[in-house]
Structures are given as C-alpha cells and as structure tokens.
Amino acid sequence: MDLSESYNAAEVEQRWQQIWAERGGGNADCDQGEPFYLLEMFPYPSGRIHMGHVRNYTIGDVYARFLRAKGHRVLHPMGWDAFGLPAETAAIQRGIDPARWTRENISAMRQQLSRLGFSYDWSREVATCDPDYYRWEQLFFLQMLDRGLAYRKKARVNWCDACGTVLANEQVEGEECWRGHSPVRQKELDQWFLRITAYADELLEGLNGLDGWPEKVRTMQRNWIGRSEGVEIEFPIVETGKSLPVFTTRADTLFGCTFVSLAVEHPQAAELARAGGNEEEVCAFIDSISRLETAERAQGKEGIFTGCHAINPINGRSVPVYLANFVLMEYGTGAVMAVPAHDQRDFEFAARYGIEVIPVIEGEDGCLDASSMLEAFEEDGRLHDSGEFSGLSSADGRKAIAKALAEKGSGKEVVNYRLRDWGISRQRYWGTPIPIIHCPNCDVVAVPEADLPVVLPTGVELLEGGGSPLPELEDFVSIRCPQCGAQARRDTDTMDTFVESSWYFIRFASAERDGIPFDRDEVARWMPVDQYIGGVEHAVLHLLYSRFFTRVLRDLGWLEVSEPFERLLTQGMVIKDGAKMSKSKGNVVDPDELVAAYGADTARLFSVFAAPPEKDLDWSDRGVEGAHRFLSRVWRLALAVGAADAGGVVRRSLAWADPGCEGLSKPAAGLRSLVHDTIRRVGRDIGERMRYNTAVAAIMELVNGAYEYRQRDDSSDDAVLDFAVAMTLRLLFPFAPHMCSELWSRVVVGPGVDEIPWPDYDASALVKETIEMVVQVNGKVRGRIQVAADIPETELLELAAKQPRVAAALAGRSPRKTVVVPGRLVSMVV
RNA sequence: GCGAGAGUGGCGAAACUGGCAAACGCACUAGACUUAGGAUCUAGCCCGCUAACGCGGUUGGGGGUUCGAGUCCCCCCUCUCGCACCA
C-alpha cells in the first residue's frame with residue numbers, strides 16, 4: 001500500500017460493515033457485563049431515512065459503542081413502526097399492496113441504516129405490522145377489556161377528513177391534525193377507549209421521579225394531564241326540581257355567583273328549555289352552536305337564558321341559568337357557577353347580558369366597586385360579603401366553604417383532569433384489527449384468546465375514496481358469535497398506531513419468544529430503558545401513552561417497573577436555511593447522497609459535531625466538508641506515524657500502550673499529558689454529559705497536538721506519538737467506527753480497536769510541574785507567571801508583584817487585599 | 001394570557017462547582033509547497049485606538065452581590081417552543 005493513499009470512505013466502510021455483519025456486532029448476547037438498555041425511537045418505514053434519523057441514530061450509536069467499550073452488555077435494538085396511513089395512500093396512488101410496500105421500505109431502510117454503520121442487534125428486529133407482533137396487542141386489549149380499562153362509548157370525537165379517521169385528543173394540535181395540519185372537526189361516533197384517566201394521578205406523580213427527563217417534557221405532560229382540585233357544588237333547579245352539579249376551583253367566590261352557565265350539550269339543557277318556557281329560542285341556540293366547529297365556537301361570549309333558576313346552596317339566592325358557548329361539556333360537569341367579579345369570562349358574559357356583578361374578594365388595593373370594574377379580579381385575596389366566611393383568606397375560604405357544603409350535603413371536594421380517555425378506534429385498513437365481534441344477541445363480544453390473532457387480511461383492493469375496505473370484506477367480517485353462535489360481524493376498525501409503539505420497547509427484551517409476549521426474566525433484566533433518545537414532538541403522544549401502557553402491563557402482571565424510560569434525551573431538529581428540513585420546504589439533504597459523497601463516518605461526525613444533541617442542528621455543506629477534512633487529517637497522521645518504515649510501505653508498527661512518564665523529553669511529556677487529558681474529557685463528555693460536540697473538539701485538539709509534536713526537529717520519543725495516535729483512533733471510534741477500525745488494523749500491533757477497553761486516564765499525567773498563573777490587579781489581567789505547582793504562597797506573591805506590568809499597575813502601592821486561587825490566579829486589590 | 005427554554009465574534013458554538021470570554025470547527029486574510037490549487041502545511045482572525053509593546057471596551061439592556069459575574073440575585077427587552085375560554 002502506498003503511503004500517500006488517500007482516505008477512500010466507500011471502500012473502507014463496505015469492508016468493515018461486512019466484517020461487523022459476520023460478527024453480529026450489535027447483538028446484546030455477545031456482550032458481558034452490566035446490562036444497559038439503549039433505545040432510539042423506531043421509525044415509520046416511509047421508504048427512506050432522513051437527516052433527522054441520521055442524527056437521532058448517530059447519537060444512539062455513539063453511545064452504544066462507548067458503553068460497550070466501557071464493559072457494558074448493551075441492548076441496542078431497532079424495529080419498525082410499520083402500521084399507518086402512508087402505506088394506504090401509496091397503495092391507492094400506485095396500486096401496491098400496503099404490506100408489500102411496507103416490507104420493501106423496511107428492507108431499503110434497514111440497508112440505509114447498515115450503510116451508516118449503526119450497531120443494532122438485528123436479531124431482535126420487530127415490525128409492528130407482523131401478526132406475531134400485533135397478536136399480543138390484541139391480547140392486551142382483551143385483558144384491558146376484562147378489567148374495564150378498555151370500553152366502548154358513543155362520543156363526540158375528533159375527525160380528520162384528510163386521514164379519513166378519528167384522532168385522539170393528543171393528536172390534535174390547535175384544531176389541526178398532527179400529521180398534516182389538515183382541519184379537524186367533531187363527529188359523534190361509537191368508539192373504543194382506553195382508560196388512561198384511571199392512571200392520571202399516577203402518571204402525574206411519576207413525573208416527579210423522572211430526573212433524567214428534560215424539564216420541558218415533564219412540564220408538557222403535567223399541563224396535559226391538567227389536574228385541578230376543586231369542589232363539585234349542587235345547585236337545585238327551581239323549575240325542574242332537579243339538582244345541577246357544577247365544578248369550581250374557586251369555592252371562595254361562591255357568594256359572588258350571579259348566574260349559572262351550561263354547555264349546550266349538557267344533558268339537562270333541553271329539559272331546562274322546556275321548563276323555562278322558552279323552548280323554541282333555546283333549542284335554536286343549541287342548534288346553532290352545536291353545528292359550529294370548536295374553533296368557530298371560541299368567537300366571543302354568547303349565550304341564552306333558559307328561563308330557569310338555580311339556588312345557590314350557600315346563601316339560598318336564586319340565580320338565572322344560561323346556556324353559554326364557552327362552557328365545555330368535556331370538562332368537569334359541563335356546568336359552571338358564574339362569578340363575573342372574579343372570572344374574566346363570566347365578567348364579559350355578564351357585561352353582554354346585563355347580569356349583576358358582586359365582588360366578594362378584596363385584593364391589597366381594597367374593596368372592588370362593581371360599577372367601575374373594567375375586568376374581573378382573578379387573584380386570591382380576602383373574602384367579604386360572604387356571611388360567616390367574610391374575613392378569611394381565599395385559601396381558607398375555599399376549605400371552609402367546601403366543608404360547609406359537604407356538611408349540608410350540597411357539595412364534595414373533587415379532582416378534575418384535563419386528560420381524557422384515549423380513543424383508539426381508527427376507521428382505517430392498515431392497522432391492528434380490534435379483536436371484537438358484534439353480535440345481534442350478545443352485543444359486543446370479545447374474540448376468544450385462543451382465536452388470536454385476528455389477522456389483518458392482506459392482498460386486498462383498496463378503495464379509491466380512501467376508506468377502509470374491511471367492512472366490505474365478507475370473509476373477514478362475517479363470523480359466528482362465540483357466545484351464542486348467531487351470525488355476527490367483526491369490528492372493522494383498527495387500533496391507533498400509537499398503541500403499537502406503546503410497548504415495542506418491552507417486546508425487544510425478548511423479541512424472539514413465540515408463545516408469550518414477554519419473557520419475564522429478560523424483561524426484568526432489561527427494563528426500564530436506561531437511555532431513550534428521540535424527538536420532542538412525542539412529548540405528550542408516544543411518551544405519555546408508553547408510560548400509561550407500561551403501568552397497565554405492570555398491573556396485568558407482565559413486568560415490575562412503572563416507568564418505561566429512565567433517562568430521556570430529546571434531540572433537536574435538523575435545520576437548513578432557517579427552517580426544519582422537510583420535503584414540503586424543499587430543503588432536504590438526502591443521507592444517501594451524503595454518504596456517497598463523503599462516507600458514513602463523515603455524516604456521523606458532522607451530525608454530532610455541529611451542535612450539542614439536544615439543540616437544533618444548523619445544516620452546513622461547508623461544515624460537512626470540515627468534518628471530512630478532519631477525518632482525512634487523522635487518516636494521514638495515522639498512516640504517516642504508523643508507517644515509520646522508510647520504504648514507504650505501511651506495516652503494523654504502533655504500540656497502543658502508554659509508554660509511561662519515565663525519561664520523556666518535555667514536549668513528549670506534554671503530548672502524553674494531552675492524551676490523558678483528552679481521554680478524561682472525551683469520557684466525561686460522552687458518558688456523563690452527552691455533549692458529543694465537545695468530545696469531538698477535544699479529539700481535534702489532540703490531533704492538532706500530535707501534528708505540532710511531529711513538526712519538531714528532533715523526532716525522539718516516538719512511543720508517545722504512537723500512543724497519541726492509537727488513542728486518537730480509540731476515542732474517535734464511536735464517532736467514526738469504519739475509519740478507525742481500518743487504520744487500527746493497518747498500523748497498530750495487537751487486538752482490534754473495539755477489543756481493547758475504553759482507556760482510563762492517568763490523573764498523575766495531568767499534574768504539571770510548572771503552571772501558568774494569571775496575576776490580576778483590580779480585576780484586570782496584568783501578567784502571567786510560570787511557577788512551580790507547589791510554590792509557597794509568600795514566594796508566589798513576591799514573584800507576582802515583581803512582574804513589570806503588575807508593578808506598573810500597583811504604582812508603588814501595596815495591595816489592600818490579595819486573593820490566591822491555587823493553580824489559577826493571584827488577584828490584588830489596591 | 002399561562003408555562004418552559006434561549007439571547008456570547010461574520011457563522012455553528014465553547015467556558016466542569018463564580019476565576020485568563022470566544023476552545024473546536026466553518027468562512028475569511030497572508031505566506032509556504034506547487035505547472036496548478038477548490039489539495040496540504042504554517043500563521044493571523046471579537047471590537048476600538050496604536051507602527052508596535054500595549055491601553056480601553058465587550059457575553060440582549062439596566063441595577064445589585066463579590067477581590068472577581070457569560071455563570072448568582074432583582075427589574076426590563078427580544079426570540080423560539082408548548083398549552084390556550086379547562087371554570
């Protein structure tokens with residue numbers, strides 16, 4: 001081989017990928033040591049990976065390779081979130097079977113991932129569209145059904161026309177579908193729900209223990225769950241004699257209640273309209289509001305008097321009952337006690353309909369005057385005009401009034417959540433069939449466990465209009481009722497694809513098992529995931545569902561842990577030209593082209609060097625070239641040093657071991673010290689801080705140091721240079737595994753680069769005999785002195801004061817105060 | 001409006017517990033090697049003044065604590081993200 005042979009990434013990378021594939025490099029079973037479960041969010045097999053995947057999976061792979069070197073047994077699996085709408089769309093547009101389309105995409109993407117050198121345990125690969133996978137999901141569904149955790153109800157649900165299906169609340173972002181920002185409207189449908197609200201408190205509490213999660217994600221989940229404590233108060237209706245419960249968090253303002261407002265969907269609404277003698281008008285209002293979409297409803301405050309009155313149980317006062325557009329049936333009881341003086345919405349409503357405003361809370365500025373108020377006073381304060389409760393603070397007032405109501409049987413303390421149950425029915429084809437049979441006699445009947453899986457028929461003709469073909473497939477739909485034997489029909493909805501991703505990480509622990517979903521011992525060994533890496537867009541979707549599912553499976557007896565993900569890293573987006581890289585923006589960089597032009601190692605290096613993992617990454621073609629240039633620089637250095645042989649023929653000649661500190665020249669000792677410091681920095685930056693950008697910077701400094709060292713005239717102490725080069729390769733290996741393997745195999749004597757353990761640094765090598773100290777006068781740097789590390793303080797001060805610029809700054813005065821920071825600086829104040 | 005996070009050179013960024021602001025990289029400038037350079041190597045590169053040694057200023061703005069603040073405390077401004085009639 002020629003010394004001047006330049007770095008040919010394609011050739012090198014192909015060779016090593018082949019070797020790793022033969023060795024089964026990523027298999028968790030190959031490793032010994034303490035188990036570590038490292039996982040990146042699995043992708044949807046859309047056909048091609050994008051730069052976001054490259055970044056996500058590089059962050060993971062660097063960590064995996066580092067952990068293995070540190071002696072861990074690492075579980076680092078990969079799979080496919082394979083059900084979902086794009087497969088159906090492709091099928092309709094191009095006439096391909098979704099199953100085939102998905103399978104082909106998977107194999108293309110698997111190849112792309114391998115081409116990037118990611119070290120996965122492919123023996124555990126799962127695809128969620130495989131009946132051997134989703135059969136367990138059907139089993140869990142049935143078990144949840146048994147325990148009342150899955151149930152069916154008719155409900156107003158979010159409908160996305162573009163997707164042709166229902167969406168869960170979490171999948172609606174400000175009235176738009178999370179996938180394509182198409183509009184979402186309300187529709188009344190019979191749906192299957194999972195009772196995530198049964199775990200609301202536990203999911204909320206659990207967040208407190210998740211120290212390894214970004215605060216941002218925990219806050220988002222807290223807000224989403226939206227727990228609020230309050231009182232449910234019964235208001236008897238004069239005209240109907242019925243009781244109307246309302247929910248409030250501000251029982252302290254109860255004496256200020258001047259009306260009650262209900263959602264138009266409230267079950268008592270029609271009855272109140274009738275009893276109030278204003279039926280026609282009220283019904284017309286109900287009609288006009290219910291026709292509107294949620295977004296349109298939010299325009300202003302609108303309502304109508306029902307003609308009925310409610311009795312405030314605390315003071316017997318009779319107040320009018322209104323229907324109002326802004327009251328949500330989905331929250332609390334769908335009815336609200338209105339206190340215009342202390343709630344801005346009620347204030348606006350009262351102003352519009354001429355309802356009385358009665359202030360009952362005073363702030364620090366004293367009592368409010370109803371006639372001059374411009375807005376509601378919503379803060380806590382002190383109660384007045386509130387009978388026996390006057391004078392109490394808001395907090396005490398809430399407690400006292402709740403207690404008084406409870407004693408009268410007119411109220412009870414309750415907790416409300418914003419979180420609602422998870423609607424999982426999807427009117428789509430490409431998903432997990434819901435294992436339910438609808439029987440004319442027995443109503444809803446579970447498919448017997450022995451009959452699982454209910455296999456999704458493949459090779460079907462998809463409908464032009466985009467609807468699910470399942471209801472039309474007689475072979476699939478038609479079935480005998482397992483209970484009474486009558487002719488019955490299968491449920492033709494499929495499950496939300498977020499259900500599959502809510503437990504795939506547990507399946508990975510024993511993905512090969514046939515007869516059971518999980519092997520309890522293997523799950524106990526691996527779960528929870530020690531480090532999870534993925535995008536923040538799943539903060540309240542996948543990540544909340546997974547926390548819920550893990551608890552359900554725990555309660556079903558499948559595992560012990562409650563929290564699925566011990567630590568979470570949310571990596572930033574890949575940005576180009578100021579916008580997120582996306583097809584619609586037309587600013588995508590194709591990973592394949594990148595790899596073809598520069599190689600996988602360059603792609604990997606750039607994706608972790610340009611920014612810390614959790615920050616957005618600004619794409620830069622120049623930056624990619626820079627990463628490539630650095631790798632070439634390492635390539636040349638290693639070959640030049642490793643091929644000390646004058647004939648220009650590379651031979652294995654480098655010893656990788658530390659030559660020790662004995663008899664080194666000053667520059668050699670300096671280089672050796674730099675190597676150890678780099679080992680320290682890289683280990684800390686990868687292992688403890690996950691700041692790969694600074695880890696790479698440290699390695700670059702080492703390489704610069706080695707080049708500098710080589711430039712010296714005398715070229716003794718080559719053992720130190722050998723050590724420096726070998727350690728460069730060892731430390732760089734997690735980032736650029738192909739090139740480092742290749743170079744190591746060519747020039748280093750001994751075991752492979754990934755066969756030697758991660759090096760420990762020698763702390764004594766970092767201790768310098770002489771150190772530079774800064775001398776400050778009045779906070780300004782006025783000199784630097786080289787001193788022995790153990791110089792006595794008096795001597796140090798004397799030396800410092802003698803520095804010409806220091807002496808000039810002191811101008812003959814003696815310091816009023818002197819501070820010495822050992823090893824760093826001397827600070828003098830005059 | 002509520003909540004969270006962030007403001008540092010021309011750019012991406014660094015600064016571990018308060019201790020030399022700008023490591024590392026990109027871009028740029030000069031030089032070397034060269035038939036050539038969009039390869040490589042060397043040097044320079046926050047701003048102002050200076051021929052130079054230096055001097056002064058600088059981490060969104062203002063104040064404070066401290067010998068010393070990008071870092072800690074208070075006030076303000078801007079940007080990004082999340083939630084948004086949740087009673």
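Per chain, numbering begins at 1; letters A, B, ... match sequence-line order.
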For A/His628 and A/Tyr7, what are the C-alpha separation, side-chain angles and deciding distance, and is it a ring-ring contact (aromatic ring centres under 6.0 Å, His included)? CA-CA 10 Å; A/His628 188 255; A/Tyr7 167 44; 5.7 Å; yes

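If you measure from atom CD of A/Glu537 to atom C1' of B/rG82, you get 13 Å, rounded to the nearest angstrom. Atom CG in A/Asp685 sits roughly 12 Å away from atom C1' in B/rA23 (whole-Å rounding). Between A/Trp635 atom CH2 and B/rU40 atom P there is a gap of 16 Å when expressed in whole angstrom units. Rounding to whole angstrom units, CD of residue A/Glu378 and P of B/rC85 are separated by 14 Å. A/Tyr331 has its OH atom 13 Å from the P atom of B/rA84, to the nearest Å. The separation between A/Leu543 atom CG and B/rG82 atom P is 15 Å, rounded to whole Å. Look at CZ on A/Phe349: it is 19 Å from P on B/rA87, rounded to the nearest Å. When the P atom of B/rC24 is taken as reference, atom CG of A/Leu605 falls 16 Å away, rounded to whole Å.
The side chain of A/Asn704 contributes no N or O atom lying less than 4.0 Å from OP1 or OP2 of B/rA23. In terms of phosphate contacts, A/Arg622 brings no side-chain nitrogen or oxygen within less than 4.0 Å of OP1 or OP2 of B/rG10. Contact between the side-chain N/O atoms of A/Arg805 and the OP1/OP2 oxygens of B/rC53 is not found at any separation under 4.0 Å. When the side-chain nitrogen and oxygen atoms of A/Arg689 are compared with OP1 and OP2 of B/rA15, one or more of them lie within a distance under 4.0 Å. Listed pair A/Arg691 / B/rA14 meets the phosphate criterion, a side-chain N or O lying under 4.0 Å from OP1 or OP2. An OP1 or OP2 oxygen of B/rC86 is reached within less than 4.0 angstrom by no side-chain nitrogen or oxygen of A/Arg227. Between A/Arg680 and the phosphate of B/rC16, there is no side-chain N or O to OP1/OP2 separation shorter than 4.0 Å. For A/Ser228, a side-chain nitrogen or oxygen approaches OP1 or OP2 of B/rA87 to under 4.0 Å.
Each of A/Tyr707 and A/Ala627 was matched to the nucleotide of RNA chain B holding its nearest heavy atom; the match closer to the 5' end belongs to A/Ala627. Across the interface with RNA chain B, nearest-nucleotide mapping of A/Gly334 and A/Val536 shows A/Val536 to be the residue nearer the 5′ end.
Side-chain contact between A/Val774 and A/Val826 is absent, with no heavy atoms from C-beta onward closer than 4.5 Å. Inter-residue side-chain proximity for A/Pro245 and A/Ile233 is flagged as unmet; no heavy-atom pair is nearer than 4.5 Å. Here the side chains of A/Val414 and A/Val231 are not in contact, with every heavy-atom distance at 4.5 Å or above. Annotation: side chain of A/Val260 is in contact with side chain of A/Leu244 (closest heavy-atom distance under 4.5 Å). Put simply, the side chain of A/Arg684 reaches to within 4.5 Å of the side chain of A/Arg689, judged on heavy atoms.
No contact: A/Tyr417 has no heavy atom under 4.0 Å from any strand. Heavy atoms of A/Glu625 sit nowhere under 4.0 angstrom from any nucleic acid atom. If you check every strand for non-hydrogen atoms under 4.0 Å, A/Asn693 touches sugar and phosphate atoms only. Residue-level contact check: A/Val339 touches neither bases nor backbone, having no heavy atom under 4.0 Å from any strand.
The stretch residues 212-226 of chain A touches RNA chain B through A/Lys216, A/Thr219, A/Met220, each having a heavy atom within less than 4.0 Å of the strand.
If you check B/rU59 for Watson-Crick or wobble pairing at under 3.5 angstrom, you find it has no partner at all. Across all strands shown, B/rA69 forms no Watson-Crick or G-U wobble pair with both distances under 3.5 Å. When both distances must be under 3.5 Å, the Watson-Crick or G-U wobble mate of B/rC81 is B/rG3. Pairing for B/rG44 is with B/rC28, a Watson-Crick or G-U wobble pair whose two hydrogen-bonding atom distances lie under 3.5 Å.
The side chain of A/Phe326 sits closest to B/rA87 out of B/rA87, B/rA13, B/rC86. Taking every side-chain heavy atom of A/Glu173 into account, B/rC83 is the closest of B/rU42, B/rA87, B/rC83. The side chain of A/Arg629 approaches B/rC26 more closely than any other nucleotide in the set B/rC26, B/rC85, B/rA13. Comparing B/rA87, B/rA23, B/rG19 against the side chain of A/Leu328 picks out B/rA87 as the nearest. Of all nucleotides listed (B/rA84, B/rC24, B/rU42), B/rC24 comes nearest to the side chain of A/Ala697. Comparing B/rC20, B/rC83, B/rC16 by their closest approach to the side chain of A/Val774 singles out B/rC20. In the set B/rA13, B/rG19, B/rC86, the nucleotide with an atom closest to the side chain of A/Ala611 is B/rA13. Distances from the side chain of A/Thr249 to the nucleotides B/rA87, B/rC26, B/rC86 place B/rA87 closest. Taking the side chain of A/Arg782 as heavy atoms from C-beta on, and the options B/rC85, B/rA87, B/rG56, the nearest nucleotide is B/rG56.
Distance check, rounded to the nearest 0.5 Å: CD1 of A/Ile314 to CE of A/Met337 gives 10.0 Å. Here A/Ile225 contributes atom CD1 and A/Thr197 contributes atom OG1; the two are 11.0 Å apart, rounded to the nearest 0.5 Å. Between the OG atom of A/Ser607 and the CG atom of A/Asn693 there is a distance of 12.0 Å, given to the nearest 0.5 Å.
On a pure distance criterion of 3.5 Å, a polar donor-acceptor pair joins the side chain of A/Arg684 and the base of B/rC16. If you check distances only, the side chain of A/Arg250 never reaches the base of B/rA87 with a donor-acceptor pair under 3.5 Å.
Ring to ring, A/Phe259 and A/Phe349 are close: their centroids are under 6.0 angstrom apart. Aromatic ring centroids of A/Trp422 and A/Phe498 lie 6.0 Å or more apart. The six-membered or imidazole ring of A/His342 lies away from that of A/Phe347, with a centre-to-centre distance of 6.0 Å or more.
Ion pairing between A/Glu701 and A/Arg681 holds under the 4.0 Å rule for side-chain N and carboxylate O.
Spacing of P atoms, B/rA30 relative to B/rA14, comes out at 31 Å, to the nearest Å. B/rU58 and B/rC47: their P atoms are spaced 16 Å apart (whole Å). B/rG7 and B/rG70 have their C1' atoms separated by 11 Å, given to the nearest Å. Taking atom C1' on both nucleotides, B/rU71 is separated from B/rG64 by 15 Å, rounded to a whole Å.
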Expected rows: protein N/O vs nucleotides 63-68 of chain B N/O, under 3.5 Å:
| residue | atom | partner | partner atom | Å |
| --- | --- | --- | --- | --- |
| B/rC67 | OP1 | A/Lys817 | NZ | 3.0 |
| B/rC67 | O2 | A/Ser827 | OG | 3.0 |

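Considering A/Leu203, A/Leu419, A/Leu543 as possible partners of A/Gln221, the one that fulfils the side chain to side chain contact (heavy atoms under 4.5 Å, CB included) test is A/Leu543.
Under the 90° criterion around 0 for the glycosidic angle, B/rG9 counts as syn.
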